[in-house]
Amino acid sequence: MKKTLVGISLAAGIISLSACSTGPATSEVIVQTEAGNITKEELYESMKGKYGEQVLQDLVYQKVLANKYKVTDKDVNGKLKEIKDQTGENFEMVLMQNGIKDENELKEVLKSQLLMEKALIKDIKVTDQEIKKSYDAYKPEIKARHILVKDEKTANEVKSKLANGDKFEELAKEYSTDKSSAEKGGDLGWFGIGKMDPAFEKAAYSLEIRQVSDPVKSSLGYHIIKLTDKKEKKSLDAMAKELEYQLKLSKIDQSKAQDILQKELKDAGLVVKDKDLKGILADS
């Protein structure tokens, strides 16, 4: 995400500076010091030198792809909801870790990513048989709490206390070495297949709602898991479109992705007039 963010966050600055600059002799002064002034032209040239090609490429992709492919607010908000569901109370922290200022900036990142995805999958085919196989293997997301400890003896101690009526949330705060979830009573939020340690995932998916597991050994230690909620599996008809999309994404040949995007720029008649930025098109 961060690489795309650089383009989004700096692009507006570079473009606006370029539009306002009329040359070093007349460029507007934006910073004054006793050691000398800094002009918009100087800032623009500095930013262009450090980030110019990446920023311009991101801007061009956005404009060209948005003119050819459709990404709706519903599409963006759907992806945003997925991220919020997965990160829960850590949403703001995840934004910060990825250098994203706020939710609005994240939406811009997501829109750009969705546009690129649509360009990359346009010629990829998926059969009905592949969709059916994916549906049969699909398991809906579940929500769980856990208490992570270092050894089996401690795990059994926790399990015994739960059997005697102690609250899961309080024991998580007291015992769990996973401090980020312990503060929330062990709550891990919603997660699906492939998001957790395989042993943990297998045990969690085998539970019924409100059921508590025996100690489960994973690469992190020993877990006591409580399943708190489970999403219903929709019908094949209801899921077919999304499954098809995900299958197409899985078939993207990363070695050819850049060539596909470059072709989109060529087909749009791209001409880079600034000689310092011609590198955004491979053979320009």
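Not measured: the values here are computed from a predicted model.
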State, yes or no, whether a side-chain contact exists between [X] and [Y] at a heavy-atom distance under 4.5 Å.
| X | Y | value |
| --- | --- | --- |
| Lys226 | Leu162 | no |
| Tyr61 | Leu265 | yes |
| Asp187 | Lys143 | yes |
| Gln211 | Leu227 | no |
| Glu103 | Leu80 | yes |
| Ile224 | Pro215 | yes |
| Lys68 | Leu115 | no |
| Leu188 | Phe200 | yes |

Between [X] (side chain only) and [Y] (backbone N and O only), is there a donor and an acceptor less than 3.5 Å apart?
| X | Y | value |
| --- | --- | --- |
| Lys233 | Tyr135 | yes |
| Arg145 | Lys184 | yes |
| Asp75 | Thr72 | yes |

How many angstroms lie between atom [atom1] of [X] and atom [atom2] of [Y], to the nearest 0.5 angstrom?
| X | Y | atom1 | atom2 | answer |
| --- | --- | --- | --- | --- |
| Asn90 | Gln97 | CG | CD | 8.0 Å |
| Ile147 | Glu169 | CD1 | CD | 9.0 Å |
| Leu236 | Ile131 | CG | CD1 | 7.5 Å |
| Leu114 | Lys107 | CG | NZ | 13.0 Å |
| Ile142 | Phe191 | CD1 | CZ | 4.0 Å |
| Leu247 | Ile124 | CG | CD1 | 10.5 Å |

Would [X] and [Y] pass as an ion pair if we require N to O under 4.0 Å?
| X | Y | answer |
| --- | --- | --- |
| Glu244 | Lys248 | yes |
| Glu201 | Lys139 | no |
| Lys132 | Asp136 | yes |
| Lys217 | Glu152 | no |

What's the shortest heavy-atom distance between [X] and [Y], and which atoms?
| X | Y | value |
| --- | --- | --- |
| Ser218 | Asp197 | CB-OD1, 3.4 Å |
| Glu105 | Asp102 | N-OD1, 2.9 Å |
| Ser176 | Ala182 | CB-CB, 3.9 Å |
| Ile225 | Ala203 | CD1-CB, 4.0 Å |
| Glu108 | Gln62 | OE1-OE1, 4.4 Å |

Verify salt bridge (charged side-chain N to carboxylate O under 4.0 Å, His left out) between Glu242 and Lys234, making sure each step is shown before the conclusion. CA-CA 11 Å; Glu242 177 60 21; Lys234 298 177 183 177; over 6 Å; no

From Lys150, Lys161, Glu170, residue fulfilling side-chain hydrogen bond (donor to acceptor under 3.5 Å, both in side chains) relative to Tyr175: Lys161

For residues Met116 and Leu249: do they belong to one hydrophobic cluster (side chain heavy atoms under 4.5 Å, members Ile, Leu, Val, Met, Phe, Trp, Tyr)? yes

Give a yes or no on whether Lys195 atom NZ has more than 12 heavy-atom contacts from other residues, nucleotides or ligands under 6.0 Å away.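 Check fails, neighbour count at 12 or below.
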
Any chance you could lay out the side-chain hydrogen bond (donor to acceptor under 3.5 Å, both in side chains) test for Asp151 and Thr154, step after step, and finish with the verdict? CA-CA 6 Å; Asp151 55 74; Thr154 308; 2.7 Å; yes

Report the C-alpha separation of Thr228 and Phe168 in whole Å, then their side-chain angles, then the decisive distance to 0.1 Å, and conclude whether the side chain to side chain contact (heavy atoms under 4.5 Å, CB included) test is met. CA-CA 11 Å; Thr228 57; Phe168 196 101; over 6 Å; no

Plane angle bin for His223 and His146 - parallel if under 30°, tilted between 30 and 60°, otherwise perpendicular: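 Correct class here is parallel.
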
For the residue pair Lys230 and Tyr205, would you count it as a cation-pi contact if the rule is NZ or CZ under 6.0 angstrom from the ring centre and within 45 degrees of the ring axis? no

Please check if any side-chain donor atom of Glu117 sits under 3.5 Å from a side-chain acceptor atom of Tyr69, or the reverse. no

Tell me which one of Lys122, Lys118, Lys63 satisfies salt bridge (charged side-chain N to carboxylate O under 4.0 Å, His left out) with Glu264. Lys122

